[in-house]
Structures are given as structure tokens and as C-alpha cells.
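Report on the following structure.
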There are 2 protein chains.
Amino acid sequence: MPADLPKSRAPSIRDVARLAGVSHQTVSRVLNNHPSIRDSTKARVQQVMEDLQYRPNRAARALSRGTSRTIGVLAASSSQYGPASSIAAIQDAAREAGYYVNTANLTSVDPDTIEAALDHLMLQSVEGIVVIAPQMRVFDVLEQLSIAVPYVTLQSTGKLNEHGLSFDQISGARAATRHLIDLGHRNIYHLAGPQDWIEAEARMRGFLDEMGAMDVPTTAPILGDWTADFGYYAGRELLRVRDFTAIFSSNDQMALGLMHAIRDAGLSIPGDVSVVGFDDIPEAAHFWPPLTTVRQDFPELGRRCMALLLDDISAVSPERRGAIIPELVVRASTGPPAF
Amino acid sequence: MPADLPKSRAPSIRDVARLAGVSHQTVSRVLNNHPSIRDSTKARVQQVMEDLQYRPNRAARALSRGTSRTIGVLAASSSQYGPASSIAAIQDAAREAGYYVNTANLTSVDPDTIEAALDHLMLQSVEGIVVIAPQMRVFDVLEQLSIAVPYVTLQSTGKLNEHGLSFDQISGARAATRHLIDLGHRNIYHLAGPQDWIEAEARMRGFLDEMGAMDVPTTAPILGDWTADFGYYAGRELLRVRDFTAIFSSNDQMALGLMHAIRDAGLSIPGDVSVVGFDDIPEAAHFWPPLTTVRQDFPELGRRCMALLLDDISAVSPERRGAIIPELVVRASTGPPAF
DNA sequence: CGTTCGAATGTGCACGGTCACAATTGTGGA
DNA sequence: TCCACAATTGTGACCGTGCACATTCGAACG
């Protein structure tokens, strides 16, 4: 065995060059698939790279090229199923495209936190940013800082449409609402997400639009915080009056809490109250009763989002942005009203 | 206004130096908080940095220092609640410590995929790796590749204990099992996780240990895949014989599917069958019935993991590694057996 | 056989920091 | 006043790669 000398430094492009008997530039060309390299030369260089376990140094490359091949993800509530799935898909898509991903989590939404997170990303000279922190304020801050790199978001906002890509939350919410109306319900509550959230806003608008279009009187939506705990407490409050036969919840977790409260009150689902959720998390089919909900394909969204951003970065801009239509999944938590 | 000339290039350390009337090295010292800098000089340099909106270039720094201040995360099933929470906590902890985080997802467990993911991380010259892909094979590959950087894992393995930090899954599983035995159950099934998973193995061992210690005869555990869907189908199969009064499920999702199947069979929980889960995901309290389970504090685990890795990187090694004891949360899905 | 031209390869420097070392300044004691 | 010594600042090289440009090679052509 050829006594593998314990070089203290990792092999560089010049080490490879020396051993292959070529110039460092030729090695660089092999690395970057330059067309005019003789096949025999290329093979020899690649052999040496293999022998030396050569790895190109990313920092050096970034420095010299002035580009980092890194994109940043700005995410809120990243431990929830939806965002987490999208993030995973984004990372996979990025890796496939030869990009690296760096994630910054937002623990709160005050401007300082947002700015700090953005700073963190900019410090790494990211070439683009994906925002999965669908709060209005985040976009205010983004606009204000006039970010120097392209960014896209998973949620569409009225004013930032040029950066947006999204599920058509509104039509998803309308489909859910329509389903309840078609079943005969006329007294329907909406349990919405937090005020500041774009998704919450869109779903609420879908609900109100459909109710309006079908001429069904509405009550003011209740603003929740996405958690099952909140759904439970909101359900308890609502049931003190019990002037409704159906509830459309802005996400599946709150719907779960709601159903818990309804059962606690001795009522049956969907006999006394129908419940519709939103997202179709993998567990929704096994809730009791199995939840009627609106399915979103988060991984697909993540992938498309990434494609969009990569286009932006390379400035091709083929107008691929647009909405994905979510699908209503009818299970056992909805039925006709009792009266 | 002083006509902000649109420099094509971002300001460098030398630009700052020129405007502040010092050498570039002095600017570098200000950046790195070198002790011997006159306060007045420091202030002047900082003022110029502020004026120029100077940002140090990370690639250049990494290149010259030979260190990237980046750590890698190797994750499987990162869209699930547990891993996602831990990842978020790791990222926060890393950011606080001035490190950057790069995540690679494992979509499958074949060695090639693992190696590709590791390659991806190594290419960025990460200084350490956190493994949240608790499959045995991942560690086999890790050992085989003799990774040049320190790595830690969230799960303890017998043979890799020096890299491990974990919940004491075994004692958690023993507590859950003991709870069922104390209630009077003698015919208890265990729905385990996939064969290859370290956590699944540990929980199974905990179950078997406790059953053995209490002299209760056991049947062979069923190997699942963590999903609610699997729990449902496993439940359906088990109920064809129905020679048990309790089931201990390796995670909450499978427990949810199980309960779904039990209800479908017209049986009551916990009247006919008791169910215990593991993890205490936020929804578990709102399942029907609310699930008795074992709580794990994932964010805390992520933070401690990060602390451990940073110690490893700086080679302090204060022997902080160790287990966190999870806690049994008794809710309504468990009770004494009917016969 | 010289010329021409494209393919293949080499040379030197720039990128933006840090490091090792040199140079300068300031301070107190002999 | 001069010197030793610490505090402060400057100089030049270097990290590993890519780029612009120069050079050499090789084949086709007149």
C-alpha cells in the first residue's frame, strides 16, 4: 500500500494539476465541463481527482465567481406539516438544480426579527429567497428593505402578485363552503387563521364570497391561531349559543379541536354539527369522524416555487407563476343538517 | 445628497480602509474585535462601514480562514412533527452561535442516496453534521465513509454512543408499558416502527424489557411505518383475532390509525381496548379519545444536540452528552381491561 | 512547405478576506 | 535624554478557483 501521506490540507486544483501533468486551468475546465478538452486529458484528470478524493472548495468558487449557488428560505411555523413538507420539497428541488439551501426561522413577526433573519440570509449572499412566512408584515418588511435578490412566496398576496405562486386558496375555501351549503346548511361559522396571515385571509375571503354568492347570511369569522387547542376552546365558546349547524375551519388542526369540543358537549358529528377542515394532513382521514377537508399538495407547491425562483435568478421569466387548484376531499364529518 | 454612485461591486474591506484612512488589516481587526485597536480608530472605521453598508463577504472569509461556520443536517422524514421541531430548534441554536445550517433530506435509505446527501453536505465544507435520520444504515454508511468532521445524532445507538444524545426512549417505553400493566392488562401488543430505525428499536426494547421484568408473556411486535394509515390497517388485522386488551404504539400517528380501526370494529376505547402512543404531538390531546402518550420535548433535544456539536467542533468535550427522560402523559385512551 | 485557423492548453491575476511578520508610535524608567 | 517594551498599525503573501488573454498544437488548404 502506498502509504497515504496525511496531508494536512485538502487537495486543491493545483495538486490535481501537478499529478496529472497539466495546468490548474485545465483541471478547472474539466470541473466545469468545458467543451474543448481532449477526452484522454479529461479522463486522466478525472482519474487523479478520484485518487486524491478531490473536492472542489465551495468558498473559493463562490469568491471567484461572485456567486454562491445558495438560496435562502424564510420560514414561519416550520414544524407544521404544510410548511415542513414544502421546505423539504424546496430543498430537494434545489439540490437537484445544484443549489444549496439555507433556512432561517421566524420565531416572531416583529420587524426586527424579520430583519435579523433576512440579514442572516443576505450575509451568505443568497441568490434568491423563498418566503414561507405568509404574514403580511413579512412582505411589508421585504418591500421596505428593497431586497437585492429575487424572492418568491408560496402565498399570493394582492399587491405582491409578481412574486407569488400559490394554491388557489380562495377557490378551495369556496368549494368547502359550497359543499356545506349544498348539503342544506344555512347557519355556518368560519373559524379563521390569525389575522395577519395571507392564507387565513384568502380562505376567509373564499368563505365570505361563496356565502355571499349563494345568498346565505354570515356571521363574523372567528380568528384562531391554527392550533388544535384553540379549536377546542373556540368550539366550547361557540356551543354555548349553538346557533349553527356547520363550521368551516381554516385548517385541519383547529377542526380536530372543534370536533373534540363538539363531542364533549354530547353532540354528534355530522348529525348535529358538520365540520370541514383545510389542508388534508395525513392524519385527517383517521380523525373521528374522518374529516372532510381541502387537499393541498405541499410538495408540489414547493417544487413549483423553486422552479419559479430559479427562473427568476436566471432571469428567464416564462410567466409560469400561477395558482394550483386544491381539491375537496369529502369524508364523514359532513352531512345534512338535522333541522 | 451625495450622489450615491452605483458601484457595480459590493464594498470590500479595502474600500472601507481607503475611506477611513487606515489599512485593510485595521479594518479586519475591527471586524474581528481585535483587542489592540484605538477606540477612536475603531469608531471611525465602524462609521465608514455603516455609511457604505459594508457586509463582510462570507465566501472570502471562509476561504481565507479555511473554516465555513456551517453545519449540516442530515434528515429523514423531515416533514413530520418531531424531526421538523428538532430541525427548527437546531437552526435557531446554530444561528445564535453564528453558524449557518444546511439541510439535506433523505428520501430513501439506500447507501447511494445517503452518500449523495453526505456529499452534498461535505461539498459545503460543513464543520459538523447532525443526523436526524435515525436509521441504522445511515450510521453504517457514516462509519464506513469515515467522515472527517464531528457528527452527533439525536438518537442513541449502542455502538455509536460517543456521538449520541437522545431521549431515553427505552425508559419512556417502559413507563408506557408499565402503565398498561399496572392497569391490569396482561395481553398487550406492541406496534413498532420500521425495523431499521433506532428509535423504533429502542422503544421496542423498552417494551420487551418491561414486559419481561413484570413477567408478562409477550407476542412478537408488529413492524409499522409510522403512518396513521398503517396503524389503521394493522388494527384491522389484529382485530380479526382480538386476543388482547391493550396496544402500545410506537408513535401517535399509528395510535390514531389504530383507534380508528378499533372504533370501526364497534369497540370502545378504553373499555374494550386501551391504546398508548409515543411523542405527544400537539394534536394528541384532541384525538378521540384523548391519547395517553409519552411526551418528548423535541425543541429541547435540538438545542442540546446543537450544543453538543459545537462543543465537539471546538473540541472542549465536557461530557455533556446524555439522555433526556421523557414523561408519560395519561389521558383518556387507557383504562383497566374489561375482563 | 508555409499559412491559416480552430481546438486544446497554459499564464497570470483577481476575488475579499486573514495571517505572519515588520514597522511605527507611545510610555515609563534608568 | 535614551532605551526597552507594549500598544497600535501597515505590508505583503496566501487561501482555491475562475476569467481574460496568450500560446501551442494539429490539421486542412493552397
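Only a predicted model underlies this, so the values are computations on that prediction, with no experimental measurement involved.
- Counting to the nearest Å, the C1' atom of D:dG18 and the CZ atom of A:Arg58 are 16 Å from each other.
- Judged by distance alone, the side chains of B:His34 and B:Ser36 do bring a donor and an acceptor atom under 3.5 Å apart.
- Residue contacts for B:Arg55: at a heavy-atom cut-off of 4.0 Å it reaches the sugar-phosphate backbone alone, with no base atom in range.
- Between the side chains of B:Glu127 and B:Thr67, at least one donor N or O lies within less than 3.5 Å of an accepting N or O.
- The separation between B:Asn32 atom CG and C:dG16 atom C1' is 13 Å, rounded to whole Å.
- Taking atom CG on B:Leu31 and atom P on C:dC19, their separation rounds to 12 Å, with Å as the unit.
- Nucleotide C:dA14 holds its C1' atom 13 Å from the CG atom of B:Asn57, rounded to whole Å.
- If you take CD1 of A:Ile13 and P of D:dT17, they are 5 Å apart, rounded to a whole angstrom.
- Between A:Arg29 atom CZ and D:dA20 atom P the separation is 12 Å, expressed in whole Å.
- Closest to the B:Arg14 side chain, of the nucleotides D:dT17, C:dT18, C:dT11, is C:dT18.
- Note: CZ (A:Arg38) to C1' (C:dG6) measures 13 Å, nearest angstrom.
- Side-chain nitrogen and oxygen atoms of A:Thr26 include at least one within less than 4.0 Å of the OP1 or OP2 phosphate oxygen of C:dG10.
- Counting to the nearest Å, the P atom of D:dT17 and the NE2 atom of A:His34 are 18 Å from each other.
- Proximity of B:Thr41 to the phosphate of D:dT9: a side-chain N or O atom is located under 4.0 Å from OP1 or OP2.
- At C:dG16, none of the side-chain N or O atoms of B:Ser64 fall inside 4.0 Å of OP1 or OP2 (strictly under the cut-off).
- Considering only the side chain of B:His24, D:dG12 comes nearest among C:dG17, D:dC19, D:dG12.
- Panel note: side chain B:Ser68, backbone B:Ser125; a donor-acceptor pair is recorded below 3.5 Å.
- For B:Lys42 and B:Arg65, each mapped to the nucleotide of DNA chain D holding its nearest heavy atom, the one lying further toward the 5' end belongs to B:Lys42.
- Listed candidates were D:dC21, C:dA7, D:dC19. Nearest to the side chain of A:Gln25 is D:dC19.
- Of all nucleotides listed (D:dC15, C:dT9, D:dT9), D:dC15 comes nearest to the side chain of B:Leu63.
- Under 4.0 Å is where a charged nitrogen must lie from a carboxylate oxygen, and between A:Arg18 and A:Asp15 at least one such pair does.
- Residue contacts shown for B:Ser36 include a base, since a base heavy atom lies under 4.0 Å away.
- In this structure, B:Arg61 reaches the C:dT18 phosphate: one of its side-chain N or O atoms is under 4.0 Å from OP1 or OP2.
- Between B:Asp92 and B:Arg303 there is no salt bridge, since no side-chain nitrogen of the basic residue lies less than 4.0 Å from a carboxylate oxygen of the acidic one.
- Using a 4.0 Å heavy-atom distance criterion, A:Val27 is classed as making no nucleic acid contact.
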